[in-house]
Amino acid sequence: MTDRFPEITSVEEFIRLRESEDPADYNRSAWAAMPLAVWRDLVRNRPDMRVWAAHNRTAPSEILAELIKDPD
């Protein structure tokens, strides 16, 4: 399923997709891959979006390991 969603290339794009009211955008935020640098930026600089990063089915194991430390 991840093949059908274009890669998310920035934190801003991820947030725009996640906050969109369009179901296609919301689904893309949950299924599209992102470069590791974008993952790191999102997790480190947008703690309010960590829960949504955890919803993404392509999150790399090193990001999941960081997210699991979050008290939320």
Side-chain angles (χ1 to χ4, degrees):
M1 184 147 184
T2 59
D3 298 5
R4 67 180 229 193
F5 294 102
E7 183 176 74
I8 297 169
T9 60
S10 70
V11 170
E12 295 78 17
E13 182 180 16
F14 177 85
I15 293 167
R16 180 185 59 76
L17 293 168
R18 173 57 196 97
E19 292 178 342
S20 173
E21 298 200 15
D22 181 342
D25 288 345
Y26 180 87
N27 284 334
R28 186 169 165 224
S29 77
W31 287 95
M34 294 189 284
L36 188 55
V38 175
W39 279 110
R40 287 187 177 131
D41 187 17
L42 177 67
V43 170
R44 292 181 182 149
N45 298 313
R46 289 303 303 262
D48 59 315
M49 288 287 139
R50 288 179 185 160
V51 67
W52 301 115
H55 281 248
N56 183 292
R57 306 304 192 271
T58 68
S61 57
E62 56 262 49
I63 296 302
L64 293 175
E66 195 166 332
L67 289 172
I68 203 163
K69 298 173 191 173
D70 191 299
D72 288 338

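Sequence positions, counted from 1, serve as the residue numbers for this chain. These figures come from a predicted structure and were not determined experimentally.
The closest donor-acceptor contact from the side chain of Arg46 to the backbone of Arg44 lies at 3.5 Å or more, if one exists at all. In this structure a side-chain-to-backbone donor-acceptor pair under 3.5 Å is missing from Arg28 to Arg18.
For the pair Val51 and Asp48, the tightest heavy-atom approach, listed with the atom from each and the gap, is CG1-O, 4.4 Å. The shortest non-hydrogen separation linking Ala53 to Ala59 is O-CB, 4.2 Å. The two residues Phe5 and Ala32 come nearest to each other via the heavy atoms CB-CB, 3.8 Å.
Side chains of Leu17 and Ile8 form a contact here, defined as non-hydrogen atoms less than 4.5 Å apart. With contacts defined as side-chain heavy-atom distances shorter than 4.5 Å, the pair Trp52/Tyr26 qualifies. Under the 4.5 Å side-chain criterion, counting only non-hydrogen atoms from C-beta, Thr58 is not in contact with Met34. Side-chain contact between Glu62 and Leu36 is present, with heavy atoms from C-beta onward closer than 4.5 Å.
Annotation: the span from Asn56 atom CG to Trp39 atom CH2 amounts to 3.5 Å, rounded to 0.5 Å. Taken from CG in Asp41 to CE in Met49, the straight-line distance is 13.0 Å, to the nearest 0.5 Å. The CG atom of Leu42 lies 10.0 Å from the OG atom of Ser10; values are rounded to the nearest 0.5 Å. The distance from atom CZ of Arg50 to atom NZ of Lys69, rounded to the nearest 0.5 Å, is 10.5 Å.
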